[in-house]
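Just so you know, residue 1 is the first one in the sequence shown, and it goes up from there. These numbers come from the heavy atoms of this one structure, side chains and all, not from hydrogens, waters or symmetry mates.
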Amino acid sequence: MMALMLALTLVGGAAVAQTPLPPPYNYDEPLPKGPRPLPAWQYLTLGEAKHTYRMPVYANHKLGKGLKSIRRVIVVLPGARRDAGQHYQDIEALVNRDPAHKTDTLVLALEFPTSVDADFAKLPAWRKSSWEVGGKSIQASGRPGPISAFQVLDDIVKWSADRKAIPALSDIVLAAHGSGAQLLQRYAILNDLDGTVRREGLGLRYVVANAPSYLYLTAERPRRTSGGYASYERGICPTYNQYPYGPQQFPAYASDPGPASLYVRYASRDVVYLLGGADNNPEDHGLDKHCAAEAQGATRLSRGLGYLRYDHLLAHRGSSPINLTHTPQRVMGVGHDATAMFGSQCGTQALLGHDARIAERAASCEAITPAP
């Protein structure tokens, strides 16, 4: 009898220790909203005369007509994850917050097709990530080309600046996050089109967010321990100063390979650098681990801060400082997150102007004032 009572006591104790059942499911509770559907692809016809080609974009207006009210064109480049759709939705949401911008802003989210994209069979196509540094599309039957990614950006800027198609245009904004920002930073330095566009009375801005590496115009790189800048050890990385990380072996697109003249021109361009204050993981899966990228720093944040100090150093080197028109901003508390970077206070204003409506929970920003 005592053994039976002890067994019952143990069973009862076990029952009390069990995890209680969850409350019954409320079938009347609304389901969470799914992602917004993307619009159908549209196609920009670019190039000239017999050498035209088409590139796929997501757009918030029908291309080819009804663009007379457009005052601003925002061209957003994809990242390594081929996230043109996500970038489109992010920036469209910013535009739609303000009725005025919804009607006068054209958003173009560009994609660079690869050879395995069956939907883009007759379009230019790039091998893997070759477009990220301005590489040319593949030579293949049925495809135009080869066309460099830099030429694509040139042609999109020319298409946007066509006053016959977009007569009220005042500003063109090129924006990119991550791997796309790597291409955009190099384009901001190397292109010959910026001056022509601005002389026609148009603004041209480059918004470079969380780039994985930068194009230096000298052999100097940040010192890891003592501060300042010095040539990197070639025994560690013999190619650290070759393109796309340095000025050696520039691509054919760079018509003026002189680093000094390139920098003077670049310093006058409207470039907004956005650095995520928490984009500081040295083991991030998508981080560029090439030794030439490692020479610039261990994380995207350290590489960005190192480059901005270098930018400031070059502008103030010599007896006659150069007027630097670049705007560096740290987005507080944000890591490698394009949605939060573009939607931050400074990101929204870089894309839409200082009169843009800022979301209530947008990340705050802090101006970076680099010193050599």
Side-chain angles (χ1 to χ4, degrees), residues 33-39 41-42 57-63 66-67 69-79 81-111 156-157 160 166 168-181 184 202-211 270-279 327-367:
K33 293 182 179 180
R36 301 190 310 277
L38 287 166
W41 287 106
Q42 297 190 57
V57 295
Y58 291 115
N60 63 334
H61 291 270
K62 183 68 175 177
L63 302 181
L67 300 179
S69 64
I70 297 300
R71 299 183 58 82
R72 181 185 301 263
V73 175
I74 300 175
V75 181
V76 58
L77 312 188
R81 298 177 181 177
R82 299 171 58 76
D83 43 12
Q86 182 63 56
H87 288 344
Y88 170 79
Q89 291 179 328
D90 291 342
I91 297 180
E92 183 199 32
L94 299 179
V95 170
N96 288 348
R97 184 177 295 117
D98 189 331
H101 286 307
K102 184 176 181 179
T103 58
D104 73 4
T105 302
L106 173 63
V107 179
L108 301 174
L110 177 68
E111 185 62 275
I156 289 179
V157 171
S160 302
I166 314 179
L169 185 71
S170 60
D171 291 291
I172 302 170
V173 179
L174 304 178
H177 179 269
S179 295
L184 185 56
L202 298 174
L204 180 56
R205 172 175 292 169
Y206 313 84
V207 181
V208 179
N210 285 341
D270 184 2
V271 185
V272 178
Y273 285 104
L274 303 179
L275 303 183
D279 196 0
T327 306
Q329 296 276 351
R330 188 196 307 260
V331 182
M332 308 305 291
V334 174
H336 200 65
D337 183 339
T339 302
M341 293 294 289
F342 289 142
S344 67
Q345 295 174 2
C346 52
T348 302
Q349 291 179 334
L351 293 169
L352 295 173
H354 290 286
D355 63 338
R357 291 186 180 181
I358 309 296
E360 292 183 4
R361 297 184 179 181
S364 62
C365 301
E366 177 182 85

Colleague: To the nearest 0.5 Å, what is the distance between CD1 (Ile358) and OG1 (Thr348)?
Modeller: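 Answer rounded to 0.5 Å: 4.5 Å.
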Colleague: Parallel, tilted or perpendicular, judged at 30° and 60°: which one describes the rings of Trp41 and Tyr58?
Modeller: parallel
Colleague: For the residue pair Leu106 and Leu63, establish whether any side-chain heavy-atom pair is separated by less than 4.5 Å.
Modeller: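 Yes; the side chains approach each other to less than 4.5 Å.
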Colleague: Might you work through the side chain to side chain contact (heavy atoms under 4.5 Å, CB included) test for Leu274 and Val207, ending with a clear yes or no?
Modeller: CA-CA 7 Å; Leu274 303 179; Val207 181; 3.8 Å; yes
Colleague: Rounded at 0.5 Å granularity, tell me how far CG in Leu94 sits from OG in Ser344.
Modeller: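 Here the interatomic distance stands at 9.0 Å.
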Colleague: Check whether Thr103 reaches the backbone of Ala100 with its side chain - one donor and one acceptor, N or O, closer than 3.5 Å.
Modeller: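 Such a contact is found between Thr103 side chain and Ala100 backbone.
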Colleague: Considering all heavy atoms of both residues, which atom of Ala181 and which atom of Ala176 are nearest to each other, and what is their separation?
Modeller: N-CB, 3.3 Å
Colleague: Could you report the tightest heavy-atom contact between Ile172 and Val157, atom names first, then the distance?
Modeller: CD1-O, 4.0 Å
Colleague: Can you tell me which residue among Asp98, Ile74, Val173 is in a side chain to side chain contact (heavy atoms under 4.5 Å, CB included) with Leu352?
Modeller: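 So the option named by the test is Ile74.
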Colleague: Measure across Gln329 and Cys365 and return the closest heavy-atom pair with its distance rounded to 0.1 Å.
Modeller: OE1-CB, 3.6 Å
Colleague: Please round to the nearest 0.5 Å and tell me the distance separating atom CD of Glu366 and atom CE of Met332.
Modeller: 4.5 Å
Colleague: Using a 3.5 Å distance criterion without hydrogens, assess whether the side chain of Asn210 forms a donor-acceptor pair with backbone atoms of Gly335.
Modeller: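 Confirmed, Asn210 side chain pairs with Gly335 backbone.
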Colleague: Is there a donor-acceptor pair under 3.5 Å between the side chain of Asp83 and the backbone N or O of Gln86?
Modeller: no
Colleague: Apply the test side chain to side chain contact (heavy atoms under 4.5 Å, CB included) to residues Leu77 and Val75: give CA-CA distance (whole Å), side-chain angles for both, the deciding distance (0.1 Å), then the verdict.
Modeller: CA-CA 7 Å; Leu77 312 188; Val75 181; 4.3 Å; yes
Colleague: Can you name the nearest heavy-atom pair linking Val334 to Ala340, along with the distance?
Modeller: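 Of all heavy-atom pairs spanning Val334 and Ala340, the closest is CG1-CB, 3.6 Å.
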Colleague: Which residues pass the side-chain contact (heavy atoms from CB on, under 4.5 Å) test with Asp171, sequence neighbours left out?
Modeller: Arg72
Colleague: Testing the basics here: between Gly85 and Leu38, what is the closest heavy-atom pair and its distance to 0.1 Å?
Modeller: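 Nearest pair, atom of Gly85 first, then Leu38: O-CD2, 3.5 Å.
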Colleague: Would you give the length of the straight line joining atom NE2 of His177 to atom OG1 of Thr339, rounded to the nearest 0.5 angstrom?
Modeller: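 So the NE2 of His177 and the OG1 of Thr339 are separated by 8.5 Å.
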Colleague: Between His101 and Asp355, does a side chain to side chain contact (heavy atoms under 4.5 Å, CB included) hold up when you go through it step by step?
Modeller: CA-CA 10 Å; His101 286 307; Asp355 63 338; 3.8 Å; yes
Colleague: Would you sort out whether Tyr88 and Val76 count as a side chain to side chain contact (heavy atoms under 4.5 Å, CB included), showing the intermediate values?
Modeller: CA-CA 8 Å; Tyr88 170 79; Val76 58; 5.7 Å; no
Colleague: Quick one: salt bridge (Lys or Arg N to Asp or Glu O under 4.0 Å) partners of Asp270, sequence neighbours excluded?
Modeller: Arg205
Colleague: Atom CZ of residue position Arg71 - does it have more than 12 heavy atoms of other residues, nucleotides or ligands inside 6.0 Å?
Modeller: no
Colleague: Looking only at atom types and distance, does a side-chain atom of Gln42 sit under 3.5 Å from a main-chain N or O of His61, one as donor and one as acceptor?
Modeller: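 Checking the backbone N and O of His61 against the side chain of Gln42, a donor-acceptor pair under 3.5 Å is found.
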Colleague: To the nearest 0.5 angstrom, please state how far the OG atom of Ser160 sits from the CD1 atom of Ile70.
Modeller: 10.5 Å
Colleague: How close do Gly79 and His87 get, counting heavy atoms only, and between which atoms?
Modeller: N-NE2, 4.1 Å
Colleague: How long is the gap from CE on Met341 to CG on Asp90, to the nearest 0.5 Å?
Modeller: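 The CG atom of Asp90 is 12.5 Å from CE of Met341, to the nearest 0.5 Å.
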